[in-house]
Amino acid sequence: PDAVLGIRRDLREQKVYTVDSASTLDIDDGIAVEVLGDDSDGGSGGEARHRYWIHIADVDRYAPRGSKLLNVAERRGTSLYLP
């Protein structure tokens, strides 16, 4: 069993689509759309409401802090994530 699943939401049942290019070596970012139902209170004219999920890979999940692998990955990384 994966101990980390106890502190994270399990989203493995979601259908997630990659946003990475066809030429990428790392397929690690994606998007999912959840249909929440219609807005019957009239706020959007009864149209369906949606929740959009953005999925970003968590490198720390596979490479612990202070490990040689993570140190090399941090030096070679080209992604920038803003809060």
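Given the structure is predicted, the values throughout are model-derived calculations rather than measurements.
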Check your understanding: Distance from Ile31 atom CD1 to Trp53 atom CH2, nearest 0.5 Å?
Key -> 12.5 Å
**Study point:** Shared hydrophobic cluster for Val19 and Ile56 (ILVMFWY, side-chain gaps under 4.5 Å)
**Key:** yes
Kindly write out the residues that satisfy side chain to side chain donor-acceptor pair (under 3.5 Å) with [X], not counting sequence neighbours, or none if the list is empty.
{"X": "Thr18", "answer": "Asp20"}
{"X": "Gln14", "answer": "His55"}
{"X": "Asn71", "answer": "none"}

Point to revise | Connected-component partners of Val33 among ILVMFWY, side-chain separation under 4.5 Å | key: Tyr52
Point to revise | Apart from Val16 itself, residues in the same hydrophobic cluster as defined by side-chain heavy atoms under 4.5 Å | key: none
Review point. With sequence neighbours excluded, what pairs up with Arg51 under the salt bridge (charged side-chain N to carboxylate O under 4.0 Å, His left out) test?
Key: Glu34
**Study point:** Short side-chain to backbone donor-acceptor contact, Asp10 and Arg12, under 3.5 Å
**Key:** yes
**Study point:** With Leu25 via side-chain contact (heavy atoms from CB on, under 4.5 Å) - residues at least two apart
**Key:** none
Exercise for review: Output all residues satisfying side-chain contact (heavy atoms from CB on, under 4.5 Å) with Ser21, sequence neighbours left out; order by chain, then residue number.
Suggested key: Ser23, Thr24
